Amino acid sequence: MKKVLSVVISLCIVAALVLIAGNGFAAEHKYVGVAKCKACHLAEFKACEATKHTKSMASLKENEKKDAKCLACHATGYGKAAAEGAQLEGVQCEACHGPGSGYKSATIMNKVKWKENPEAQKKLAQDAGLIVTPTKEMCETCHNKKSPTFKGFDYAKDLPKVKHKK
């Protein structure tokens with residue numbers, strides 16, 4: 001009887017761990033790269049493409065392109081978990097909206113479902129890691145006095161410059 005009970009308890013523990021992992025509690029969101037976003041959000045991509053953010057790597061000197069201190073701001077998700085093959089050069093969508101592996105699915109980013117119930121879909125996306133509007137603190141991780149090219153930053157004034165809603 002002790003052996004049977006021990007096996008049952010072990011199976012329950014394994015089942016609980018599988019359920020937790022399956023619900024994403026144990027999974028870290030990964031950066032997927034702008035190509036995944038661009039496929040469905042072309043207008044937003046084109047609007048962002050015109051900003052200095054997407055060209056941030058080009059502003060670096062060759063030696064700076066290998067410097068972790070520079071790459072932390074000039075490459076999206078630098079040093080963090082990324083999907084295989086993700087191209088993360090420059091300041092891309094996920095720099096502001098968070099790593100997309102959790103919210104990029106067709107179940108969440110579904111135009112029909114967004115039209116039918118935008119609040120429910122927005123909640124699903126946010127629960128899966130989407131950041132709708134970056135906070136002042138997020139922006140200030142790069143736009144601060146530690147940057148050698150810092151010229152000041154005013155969140156309220158500067159945020160509209162990167163607005164890309166249709």
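Everything quoted here is computed from the prediction, not taken from an experiment.
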*Check: Asn144 main-chain N/O paired with Ser147 side-chain donor or acceptor under 3.5 Å*: no
*Please report the closest heavy-atom contact between Cys73 and Val91, naming both atoms and the distance.*
O-CG2, 3.3 Å
*Could you give all pairs that pass the ring-ring contact (aromatic ring centres under 6.0 Å, His included) test and reach residues 116-149, with sequence neighbours left out?*
His53-His143, His143-Phe153
*Return each pair, listed once, that meets ring-ring contact (aromatic ring centres under 6.0 Å, His included) where at least one residue sits in residues 89-124; pairs must be two or more places apart or across chains.*
His97-His164
_As an exercise, state the distance from OG1 of Thr54 to NZ of Lys46, rounded to the nearest 0.5 Å._
14.0 Å
_Straight-line distance of Cys37 SG to Lys104 NZ, nearest 0.5 Å_ = 10.0 Å
*Give me the other members of the hydrophobic cluster that Tyr31 sits in, counting Ile, Leu, Val, Met, Phe, Trp and Tyr linked by side-chain heavy atoms under 4.5 Å, directly or via other members.*
Leu88
_Tell me whether the count of non-hydrogen atoms from other residues, nucleotides or ligands lying under 6.0 Å of NZ in Lys55 goes above 12._
yes
_For a quick test of reading the model, state the closest non-hydrogen atom pair linking Cys142 to Ala72 and the distance between them._
SG-O, 4.3 Å
*List the atom of Ala95, the atom of Thr76, and the distance in Å for their closest heavy-atom pair.*
N-CG2, 3.5 Å
*Would a hydrophobic clustering, with Ile, Leu, Val, Met, Phe, Trp and Tyr connected at side-chain separations under 4.5 Å, put Val132 with Met109?*
yes
*Taking side-chain contact (heavy atoms from CB on, under 4.5 Å) as the test, write out the residues that go with Lys30, two or more places apart.*
Ala81, Ser101
*asked:* Taking salt bridge (Lys or Arg N to Asp or Glu O under 4.0 Å) as the cut-off, I'd like each qualifying pair that reaches into residues 64-86, sequence neighbours left out, listed once.
replied: Glu62-Lys65
*asked:* Grouping I, L, V, M, F, W and Y whenever their side-chain heavy atoms are under 4.5 Å apart, do Val162 and Phe150 come out in a common cluster?
replied: yes
*Transitively linked via ILVMFWY side-chain contacts under 4.5 Å: Val112 with Leu124?*
no
*For Val34, which residues count as a side-chain contact (heavy atoms from CB on, under 4.5 Å) partner, sequence neighbours excluded?*
Phe45, Gln92, Cys93
*For Ser59, check side-chain hydrogen bond (donor to acceptor under 3.5 Å, both in side chains) against everything at least two apart and list the hits.*
none
*If every non-hydrogen atom of Ala82 is compared with every non-hydrogen atom of Ala86, which pair is closest and at what distance?*
CB-CB, 4.5 Å
*asked:* Suppose the criterion is side-chain hydrogen bond (donor to acceptor under 3.5 Å, both in side chains): which pairs have a residue in residues 118-137, not counting sequence neighbours?
replied: Lys123-Asp127
_Residues which pass side-chain hydrogen bond (donor to acceptor under 3.5 Å, both in side chains) with Lys157, listed by chain and number, not counting sequence neighbours_ = none
*Judged by atom type as modelled, is there a donor-acceptor pair below 3.5 Å linking the side chain of Ser56 to the main-chain atoms of Gly90?*
no
*Please list, chain by chain and in numerical order, all residues satisfying side-chain hydrogen bond (donor to acceptor under 3.5 Å, both in side chains) with Asp158, sequence neighbours excluded.*
Lys161
*Gap separating the OG1 atom of Thr149 from the CG atom of Leu60, nearest 0.5 angstrom*: 9.0 Å
_Residues which pass salt bridge (Lys or Arg N to Asp or Glu O under 4.0 Å) with Lys61, listed by chain and number, not counting sequence neighbours_ = none
*Nearest-0.5 Å distance that lies between atom OG1 in Thr51 and atom NZ in Lys163*: 15.5 Å
